[in-house]
Colleague: 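For reference, the structure I am asking about is given below.
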Amino acid sequence: MAERVKVLLTEEEVDARIQAIGDQISRDYEGRQVHLVCVLKGGSFFMCELAKRIRVPVSLDFMSVSSYGSETKSSGVVKIVKDLDETLAGKDVIVVEDIVDSGRTLSYLMEMLKDRKPASLRLCTLLDKPERRVVDVHVDYTGFEIPDEFVVGYGLDYDQKYRNLPYIGIVEFE
């Protein structure tokens, strides 16, 4: 199956929105340190750009969860592929994700991380697809609300392709 990518959000639009989120987090956490938890692999592009724009002290950790495989829709089965290296106890934690779709993965992940006793726990996503939500999940910081299309770029992939696009595009299958 061949595919092509149509631009949904330009590099400039994405960059400006990440700056605005970084500014908001800096205001919300003034005088404190934030611990960003990146959901790999897709979230790494967004988290790196976001971290550069936050003006309070930042620490980072990474975890990998899977519910997609090579499909375009979440399977609903969440698997922890790589867990965190550091404890979350007593930290102000922001989970950084590339996209919130069905909500299954993030709902599971947020409940699991809550049990690790952070001082606070918030969720930040570059993209949100509320039309696809099947499990309620509260997003504290949202880059863009997008339609129910399969998107790539800026860390998001289709079967490991297109992560390196500097914009968000819609995959159109031919």
Side-chain angles (χ1 to χ4, degrees), residues 9 11-69 74 78-129 137-146 151-158 160-168:
L9 298 164
E11 182 176 5
E12 294 76 20
E13 290 172 308
V14 173
D15 188 58
R17 187 65 190 124
I18 294 171
Q19 181 64 55
I21 295 169
D23 290 344
Q24 184 63 53
I25 290 171
S26 298
R27 286 190 298 274
D28 291 351
Y29 288 89
E30 190 173 339
R32 296 157 47 197
Q33 176 172 327
V34 292
H35 187 68
L36 302 180
V37 171
C38 176
V39 181
L40 293 171
K41 297 176 185 170
S44 61
F45 287 68
F46 175 44
M47 187 176 81
C48 289
E49 291 302 316
L50 179 63
K52 291 190 294 186
R53 290 162 173 83
I54 296 173
R55 295 179 309 276
V56 298
V58 172
S59 57
L60 311 173
D61 205 347
F62 300 86
M63 71 184 314
S64 182
V65 299
S66 176
S67 68
Y68 280 83
S74 173
V78 179
K79 180 173 95 173
I80 303 292
V81 180
K82 181 217 175 290
D83 207 342
L84 298 171
D85 294 328
E86 298 180 29
T87 181
L88 298 183
K91 294 180 180 176
D92 288 311
V93 176
I94 301 175
V95 174
V96 180
E97 178 65 287
D98 53 2
I99 190 166
V100 179
D101 193 308
S102 70
R104 287 183 183 113
T105 303
L106 268 297
S107 175
Y108 173 84
L109 183 61
M110 295 301 281
E111 284 304 312
M112 183 189 76
L113 295 179
K114 239 184 252 181
D115 291 342
R116 298 183 184 191
K117 308 288 188 249
S120 66
L121 180 63
R122 289 187 172 171
L123 176 59
C124 177
T125 187
L126 179 58
L127 304 173
D128 189 5
K129 274 194 212 177
V137 62
H138 176 73
V139 181
D140 300 281
Y141 304 100
T142 301
F144 300 92
E145 196 171 287
I146 62 168
V151 292
V152 294
Y154 224 89
L156 293 112
D157 74 297
Y158 170 62
Q160 296 296 332
K161 296 185 287 187
Y162 307 116
R163 284 189 197 278
N164 60 319
L165 296 177
Y167 58 86
I168 305 297

Colleague: List the residues meeting side-chain contact (heavy atoms from CB on, under 4.5 Å) with S107, not counting sequence neighbours, and say none if there are none.
Modeller: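 For S107 the side-chain contact (heavy atoms from CB on, under 4.5 Å) partners, ignoring immediate neighbours, are V135.
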Colleague: Could you tell me which residues satisfy side-chain contact (heavy atoms from CB on, under 4.5 Å) with K52, sequence neighbours excluded, listed by chain and number?
Modeller: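 K52 satisfies side-chain contact (heavy atoms from CB on, under 4.5 Å) with E49 only.
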Colleague: Atom CG of L156 and atom CZ of R163: how far apart are they, to the nearest 0.5 Å?
Modeller: 8.0 Å
Colleague: Distance check, rounded to the nearest 0.5 Å: L109 atom CG versus K114 atom NZ?
Modeller: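 Answer rounded to 0.5 Å: 11.0 Å.
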Colleague: Between R17 and G143 (side chain of the first, backbone of the second, donor and acceptor by atom type, cut-off under 3.5 Å), is there such a pair?
Modeller: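 Yes; judged by distance alone, with no hydrogens or angles, the pair exists.
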Colleague: Only counting residues at least two apart or in another chain, list the ones meeting salt bridge (Lys or Arg N to Asp or Glu O under 4.0 Å) with D85.
Modeller: K82
Colleague: Rounded at 0.5 Å granularity, tell me how far NZ in K129 sits from CD1 in I146.
Modeller: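 So the NZ of K129 and the CD1 of I146 are separated by 5.0 Å.
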Colleague: Among residues at least two apart in sequence or on other chains, which ones pass salt bridge (Lys or Arg N to Asp or Glu O under 4.0 Å) with D15?
Modeller: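 By the salt bridge (Lys or Arg N to Asp or Glu O under 4.0 Å) rule, D15 matches R53.
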Colleague: Give a yes or no answer on whether the side chain of T125 reaches the backbone of L127 with a donor-acceptor pair at less than 3.5 Å.
Modeller: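 Yes, the answer is positive, given that a donor and an acceptor are paired below the 3.5 Å cut-off.
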Colleague: What heavy-atom pair brings D128 and V100 nearest, and what distance separates the two atoms?
Modeller: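 Closest heavy-atom pair between D128 and V100: OD1-O, 3.5 Å.
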Colleague: Under the side-chain contact (heavy atoms from CB on, under 4.5 Å) test, which residues partner Y29, sequence neighbours left out?
Modeller: I25, R32, V34, V56, D92, I94, S120, R122, Y141
Colleague: Using salt bridge (Lys or Arg N to Asp or Glu O under 4.0 Å) as the criterion, list what pairs up with D61, not counting sequence neighbours.
Modeller: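 Per chain and number, D61 pairs via salt bridge (Lys or Arg N to Asp or Glu O under 4.0 Å) with no residue.
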Colleague: How about CD on E30, more than 12 heavy atoms from neighbouring residues, nucleotides or ligands closer than 6.0 Å, or not?
Modeller: no
